[in-house]
Amino acid sequence: MDKNPEIIEQIINDLNDAQRQAVCAPAAQHQLVLAGAGSGKTRVLIHRIAWLSQVEDVSLYKQLAVTFTNKAAAEMRQRLSSLLNLSLSGLWVGTFHGLAHRLLRIHWHEAQLTQHFQIIDSDDQLRLIRRIVKDLQIDDKAYPPKQMQGEINRYKERCIRPQHIPAPQNTYEQICLEIYQRYHNHCQRSSLVDFAEILLRAYELLEAHPPLLTHYRQRFSHILVDEFQDTNQLQYAWIQLLLGEQGRLFVVGDDDQSIYGWRGAQADNLQKLQTDLKGIELIRLEQNYRSTGMILDAANALIKHNDKRLGKQLWTAGDKGQAIQIYHGVNAEDEARFIVERIQSWTEKQAGRDYQQCAVLYRTNALSRLLEEKLLQKQIPYRVYGGLRFFERMEIKDTLAYLRLLLNKDDDSAFERVVNHPPRGIGGRSIEQLRAIARGQGLSLWQAAEQAIKTEAFAKRSLSAIGKFLSLIQNLAGENEELSALTHKVIHQSGLWQHFKQKKQETEQMRLDNLEELILATESYETDPDTPMSDLQAFLSDTVLDAGEGQSSSDNAVQLMTLHNAKGLEFPLVFLCGMEEELFPHRMALQAPQGLEEERRLCYVGITRAMQQLYISHVESRRLHGNQLYPRPSRFLLEIPQELLEEVRLQTPVNLYQQYGNYQAKVAKDTPNNLENWIGQRVQHPRFGEGMVTDQEGAGKAARIQVMFYQNGAKWLVLEYAQLEKLP
DNA sequence: GTCGGACCAGTTTTT
DNA sequence: CTGGTCCGAC
């Protein structure tokens, strides 16, 4: 290959030393790049691919780049093609699921699938499991379908098939196994594949077919993985399998930004690489190009409270910037009002600042409501991230289910969804009878329906309705139309359009709009020319695998999102609200073994989103789930050194640290041996009622505690005389 | 088949 | 307090 000095220049030009060291490492070397927030990790990954292809003669064709989200994959593709200014054909860039899916489409037969296998999302998966739990007459209180879904996915993530499970130790295991087995059989019969299954199948496919494995190992001499801290056990195994002895791995990740432990991600996989891959080199990217010094100092100080880190310290060559502003609100309304005011004054203060540069981050979605209210009041445009996505809407999923059924009549999940939707006189009773036939003879619902008609198994009326449904689908399936025309036909001939049109409500109008949008989407849909799938098949897979977040984000609006959603993004002005114990760290998260540390990482992610200015707010009282809370400020707030913080004072001058103190320091200082920590304890007082301890001082007879009483406000009490009763 | 009321649960979410 | 789901009545 021609080595173009100009391009090489571009590849290494604007890199700092650590980045360059990573990008230009020998091709034969495994690399682990520990990349802090805002240190240019995606950049390093892209430039590495370019370097390999331009300097090391590892053609793009021999590289495999893996990400977690489609967004990241698309970004990588785009940036790479503009860097190299050449076609990227041959390069595999994609998500774990996208790539595994591709393998399955090519080798469907070896993977023991049918050619028309379909992907189901977690929603469909849950439906199916519900159905199975019901059919087995299992108590869904003792075995909640949601939980069973978790168990099944966890099995799959550990590469465990039903037949691998040894004799169950207890009833719970046994029931889980039973459900898993049924679920698996059902999916296999209906040719359905869930998310975890895509990965597991692809893994088993390669494992069971040595020639295939050899082929892909030879083809992909270099594998590059983004956000490695988010890999789960199966993904890790997948990478290892594909690497073999010869393959070389290049990985970027940040153990401090591992926030998906609760769904199986194992940040330890980063450490694991160091033992599993001989000679892997670790490079740290610690220079940050995003935030001010103050913000980075706060983030560094916070994350230091975590154990078991690979360890790194962010720094910047830029300004120290402004202190982090702390706002202590009276209640959530006050907090929201404050945030909105600050957004307004911040944007007005300087030309060139606009709303989309402002983000409000929160731990739980429930907190967005009041913010929305206030923003609406002030007529400030905003956008809330994460809600139902387009392809998850009911009417869209209905249409897609029809399309699925056209491709594969044995797709029971699709059959059940649309057989009576819109209503066409096939009620629960008829469906139950079909199910019985299907179960009894090992047929799909479609086959059962055909059979029922042939044998006139039940009431004429139902049979004729079923017959009409079958011929509707058959006629549609017989069409040899373009994808968009077909979709149009499905929407109209199925009666969906009519169904929604009859109703005059606003939501129904929206549904019609969505259906039109779906047709538009099919019109502009372009199938990848070298996919082995038909247009329809490709479209269906894409809608599940890439739910397409990217809706008109071009408008200038304040960004509202959860901390999880904010990962990977950056904003000049950031608000972190609801910084309160129980809420953040979240009460539920503390139940998990490493819960607190993950919450702290989440906070670290939040802080490091801010480029110029960060506000953190917490309130004295907050209504949540209908009850009034009087939360203490989050411990995370107290883990940030005071000199980096500046309290925003409005009318009421209250000093957070006078009022609450750094309780950890306080407890350490005032509690030589014997005084227990009361802070956080809920108590009952004979006169003042219920409250929560917010501070304490002294020991023995001098011990005093401050209690925030729910009815009577804050009081200092001498512990010895207060007659307090501890509440759970 | 649709509507209304009772009941219940309630972190985080991409694929 | 909310939103979703389930069940019984028309």
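Computed from heavy atoms alone, side chains included, the values below leave out hydrogens, waters and symmetry copies. To find a chain, count down the sequence lines: A is the first, B the second, and so on, and within it residues start at 1.
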Original post:
Starting at CG of Asp140(A) and ending at C1' of dC7(B), how long is that distance when rounded to a whole Å?
Top reply: 14 Å
**OP:** Could you tell me the separation between the CZ atom of Arg154(A) and the P atom of dT15(B), rounded to a whole number of Å?
**Re:** 21 Å
Original post:
Can the ring centres of Tyr155(A) and His184(A) be said to be less than 6.0 Å apart?
Top reply: no
**OP:** Could you give the distance separating dG4(C) and dT13(B) at their P atoms, to the nearest angstrom?
**Re:** 16 Å
**OP:** Let me have a per-nucleotide readout for nucleotides 2-10 of chain C, 5' to 3', with B, S or -, counting only protein heavy atoms under 4.0 Å.
**Re:** SS-------
Using atom names, set out every protein N or O paired with an N or O of nucleotides 8-13 of chain B below 3.5 Å, distance rounded to 0.1 Å.
| residue | atom | partner | partner atom | Å |
| --- | --- | --- | --- | --- |
| dG10(B) | N3 | His625(A) | ND1 | 3.3 |
| dT11(B) | O4' | His586(A) | NE2 | 3.3 |
| dT11(B) | O2 | Arg363(A) | NH1 | 3.1 |
| dT11(B) | O2 | Arg363(A) | NH2 | 2.4 |
| dT12(B) | OP1 | Asn365(A) | N | 2.8 |
| dT12(B) | OP1 | Asn365(A) | ND2 | 3.1 |
| dT12(B) | O4' | Arg363(A) | NH2 | 3.0 |
| dT12(B) | O2 | Trp262(A) | NE1 | 3.3 |
| dT12(B) | O2 | Arg363(A) | NH2 | 2.6 |
| dT13(B) | OP1 | Thr562(A) | OG1 | 2.8 |
| dT13(B) | OP1 | Asn565(A) | ND2 | 3.3 |
| dT13(B) | OP2 | Asn365(A) | ND2 | 3.4 |
| dT13(B) | O4' | Arg263(A) | NH1 | 3.4 |
| dT13(B) | O2 | Arg263(A) | NH1 | 3.4 |

Original post:
To the nearest angstrom, how far is Glu227(A) atom CD from dT15(B) atom P?
Top reply: 12 Å
Original post:
Does the ring centre of Trp108(A) sit less than 6.0 Å away from the ring centre of Phe117(A)?
Top reply: no
Original post:
Quick one: salt bridge (Lys or Arg N to Asp or Glu O under 4.0 Å) pairs with a partner in residues 366-377 of chain A, sequence neighbours left out?
Top reply: none
Original post:
Is a donor-acceptor contact shorter than 3.5 angstrom present between the side chain of Thr95(A) and the base of dT14(B)?
Top reply: no
Original post:
With a non-hydrogen cut-off below 4.0 angstrom, is Asp121(A) in contact with a base, only sugar-phosphate, or nothing?
Top reply: nothing
**OP:** Give the rounded distance in Å between these two atoms: CG of Leu234(A) and P of dT15(B).
**Re:** 17 Å
Original post:
Do the side chains of Arg635(A) and Leu596(A) get nearer than 4.5 Å, heavy atoms only?
Top reply: yes
Original post:
For His421(A), which contact category applies under a 4.0 Å heavy-atom criterion: base, sugar-phosphate, or nothing?
Top reply: nothing
Original post:
What nucleic acid atoms does Asn420(A) come within less than 4.0 Å of, heavy atoms only: base, sugar-phosphate, or nothing?
Top reply: sugar-phosphate
Subject >> Distance-only donor-acceptor check, side chains Glu227(A) and Tyr260(A), under 3.5 Å >> reply: no
**OP:** Please report the closest heavy-atom contact between Leu64(A) and Leu99(A), naming both atoms and the distance.
**Re:** CD1-CD1, 3.7 Å
Original post:
Gln493(A) side chain to Leu472(A) main-chain N or O, any donor-acceptor pair under 3.5 Å?
Top reply: no
Original post:
Between Ala196(A) and Gly427(A), which is nearer to the 5' end of DNA chain B once each is assigned its nearest nucleotide?
Top reply: Gly427(A)
Original post:
Can you check whether Arg429(A) reaches Gln433(A) side chain to side chain, under 4.5 Å on heavy atoms?
Top reply: yes
Subject >> side-chain N/O Asn627(A) vs dC1(C) OP1/OP2, d < 4.0 Å >> reply: no
Subject >> Ring centers of Tyr172(A), Tyr143(A) separated by less than 6.0 Å >> reply: yes
